[in-house]
Every structure is written in structure tokens, then in C-alpha cells.
There are 2 protein chains.
Amino acid sequence: MEEGTSNSPSYCCRTEDDYGVLQWDTREDCEVRQILDRIADKWSLLVIALLDRHTMRFTQLRREIDGISQRMLTTTLRQLERDGLVRRTVHPVVPPRVDYALTPLGGSLHKTIQALVDWTEEHQSEIAAARTRYDHEAREKIN
Amino acid sequence: MEEGTSNSPSYCCRTEDDYGVLQWDTREDCEVRQILDRIADKWSLLVIALLDRHTMRFTQLRREIDGISQRMLTTTLRQLERDGLVRRTVHPVVPPRVDYALTPLGGSLHKTIQALVDWTEEHQSEIAAARTRYDHEAREKIN
DNA sequence: CGGGATCCGATGCGATACTG
DNA sequence: CAGTATCGCATCGGATCCCG
């Protein structure tokens, strides 16, 4: 395909039209877009990446994710639990003990998340170089 | 591995320690974290997903991404261009014509982005079900 | 058409204090 | 330990106007 035409796919949900051709649903309130916003969230991504095969406690997660506030960790974990990606286990002991782990659904998501993290690690030097080049050229245009 | 210990991996950059064991860099200002924040951004994700094999013009992108403002599209495209993921081509014609396309680097990222979108499409019903269940149980606890 | 500049409101998010 | 609740600001991002 060369250049996009008026009936080219647009974001975000792919559906088939009457002729069986893949089209995209452009609605902003599309469910897939909402889920993507949640998953591609700054903190959610890190939590899911971290929980791989680990059962972790609240404070432990907080220590591992530098810069996250207690409030945001709570919020993020609740949303992930609501979405069925994380399982929260409360142990009736004193002091309280709460464990977090990926559900099977969360585990399947972890694979693609990890692929994204891996890609970033592999290409970080290229991106850094591109940024340096861009900033350099931008500076030249001023002078 | 059972439960995380004090030397379990923590976010975000994996590096090897003196013994060659994979460790994670926990610094908040870690480069990988910054890149992830940029890529996993709401609009960046959509732009990259859309630009697959397409060369698209500004207005076209704007139409396809429902809900994006002109300002955010400009900002997003500039950042992606700076990161070397998108190539911006200005045609010296009147009226002006500017094309956007993925660079090879952006193309390699597209694969993992698309995997994330695909995952979301495949599992959206499971997530919707989990949300309904969660909200239902939360409502019961109140009563 | 493809933006840049400015204004300004929503809300994301941190800091702090309190609790079972 | 693992939260909840409240406050307050700072950043994100939309609306609008202007321009080559």
C-alpha cells in the first residue's frame, strides 16, 4: 500500500466492513483505546513488568519502583486488579500482609510488555543518538 | 523463583553486576524509563500504530486519530521525530505538504506496538468481564 | 495546509496526616 | 504494614488566534 486514502484504516478498533475488508473504528470512546490507555500507563507498565513470576508485597513493589508514590501504587494496583490482570491476596495476620501477583491474563500481557521493554533496552543508544542529532540540527538552524 | 528477595530485579534498566548476574537499575531518571514514558504515551502509541507502511499527512493523521488536538499531534510528531522513529518530509509547494512516515527504527518498534494492540483486541472481552465482576463485588460489600 | 504562540481549565500526582 | 482521605500544585492538553 502506498499512501493512505480516504478509506485507509484509522484508529482504533479493527472490524470488518460488509465486504469483509478490515476497517478501523475511529471512535474515541472505543473500548480498545480505553484499555490501551490503562495498560500503556506509565506505572502500570512497570508494575506488570516487575510482577513477572514474582509474588510481591506492597512495600516491596514500592521500593522497586523508584519514584512512585504510595498513592499512585495503590491506584495502579487497584486498576490492574479491576481489569483482572493482577490478583490481590490479603493474609489475615498482624501486621497485615498483602501479596500481589499476575493472573494468567496478566501473565499473557507480560510477554508483550516485556517485548516492549526489551526493544527499548536494545535501541536506547540509537534513540539517544537521534536525539543528539536532532537537537544539534535544531541549534544550527537558529544560528 | 518463589517470592522476591532483597536482591530481586527492580525497575528499570537491566545491567550485569560484578558477578555477571542480571540486576536492575532502580534510578528514576534511567534512560530506559524515560524512553518508555515517551513510547507508552497515549498518543505516540496510536501514531506509531497508524503509520505502519503508510505515509500520511498531518491532517490525515488528525482525522484518523479521533480526539487528538492539533497541538498534541504536533507535539507528539515532533517528539517521535526527535527520537528517530518518524521521518518528517516537507514538500516545498503551495499549499504546504508535509509527509510523515516511520523510519526503519520506528518500523521495528511498530511490531511490538502492534503486538500490544493485538493483545488488547483479543482480550478486551475478558477485561470487560473482569471489570463487571470487580464492580459487582465491590457493590456487594457496601450492602 | 501545517503548523506556532498563548491562555487557561481539568486532573494527574505528590505530600502529608490518619487508621485498622 | 498497607492502606484511606484530603489538600494543593504542576503539568497535560484543549481552545483559540495567527501566520507563511
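Letters go in sequence order (proteins before strands), and every chain restarts at 1.
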> Would you say the side-chain atoms of B:T132 pair up with the backbone N or O of B:A128, donor to acceptor, closer than 3.5 Å?
Replying inline: yes
>> Just the rounded figure in Å: distance from P of D:dT11 to CG of B:D41.
In response: 16 Å
> Among all residues two or more places apart in sequence or in another chain, which pass the side-chain contact (heavy atoms from CB on, under 4.5 Å) test with A:R133?
Replying inline: A:A129, A:A130, A:E137
> Applying ring pair (Phe, Tyr, Trp, His ring centres under 6.0 Å), which residue pairs with at least one partner in residues 111-132 of chain A are found, sequence neighbours left out?
Replying inline: A:W119-A:H123
> 5'-most contact on DNA chain D: A:P95 or B:P96, nearest heavy atom basis?
Replying inline: A:P95
> Does the side chain to side chain contact (heavy atoms under 4.5 Å, CB included) test come out yes or no for B:L51 and B:L61, once each step is laid out?
Replying inline: CA-CA 9 Å; B:L51 279 182; B:L61 274 168; 4.3 Å; yes
>> With a 4.0 Å cut-off on N to O distance, would you call A:K42 and B:D41 a salt bridge?
In response: no
> Can you check the B:D37 CG to C:dG12 P distance for me, whole Å?
Replying inline: 16 Å
> Expressed in angstrom and rounded to an integer, what is the separation of B:Y100 atom OH from C:dG2 atom P?
Replying inline: 8 Å
> Roughly how many Å is it from NZ in A:K42 to C1' in C:dG12, rounded to a whole number?
Replying inline: 10 Å
>> Distance check needed: D:dG3 C1' versus A:Q60 CD, whole Å only.
In response: 17 Å
> Given D:dA2, is OP1 or OP2 found less than 4.0 Å from the side-chain N or O atoms of A:R57?
Replying inline: yes
Under 3.5 Å, which donor-acceptor pairs do the side chains of residues 72-80 of chain B form with other protein atoms, sequence neighbours left out?
residue: B:T74; atom: OG1; partner: B:Q70; partner atom: O; Å: 2.9
residue: B:T75; atom: OG1; partner: B:R71; partner atom: O; Å: 2.8
residue: B:T76; atom: OG1; partner: B:M72; partner atom: O; Å: 2.6
residue: B:Q79; atom: OE1; partner: B:R38; partner atom: NH1; Å: 3.0

> Can you check whether A:T59 has a side-chain N or O nearer than 4.0 Å to OP1 or OP2 of D:dA2?
Replying inline: yes
> In whole Å, what is the span from the CE atom of B:M56 to the C1' atom of C:dG2?
Replying inline: 15 Å
> At how many degrees, to 10°, do the end axes of the helix from C:dC1-D:dG20 to C:dG20-D:dC1 meet when each uses five pairs?
Replying inline: 50°
> Yes or no on side chain to side chain contact (heavy atoms under 4.5 Å, CB included) for A:R57 and A:D99, after CA distance, side-chain angles and deciding distance?
Replying inline: CA-CA 5 Å; A:R57 302 178 60 178; A:D99 286 336; 3.3 Å; yes
> In whole Å, what is the span from the CG atom of B:L61 to the C1' atom of C:dC1?
Replying inline: 14 Å
>> According to salt bridge (charged side-chain N to carboxylate O under 4.0 Å, His left out), who are the partners of B:R131, at least two apart in sequence or on a separate chain?
In response: A:D83
> Which residues within residues 70-88 of chain B lie with some heavy atom under 4.0 Å of an atom in DNA chain C?
Replying inline: B:Q70, B:R71, B:T74, B:R78, B:R88
>> Using only atom types and a distance under 3.5 Å, with no angle test, would you say the side chain of A:T120 pairs donor to acceptor with the backbone of A:L116?
In response: yes
> Rounded to whole angstrom units, what separation is found between the CZ atom of A:R62 and the C1' atom of D:dG3?
Replying inline: 11 Å
>> What's the closest nucleotide to the side chain of B:V98 if the choices are C:dG3, C:dC1, D:dA2?
In response: C:dG3
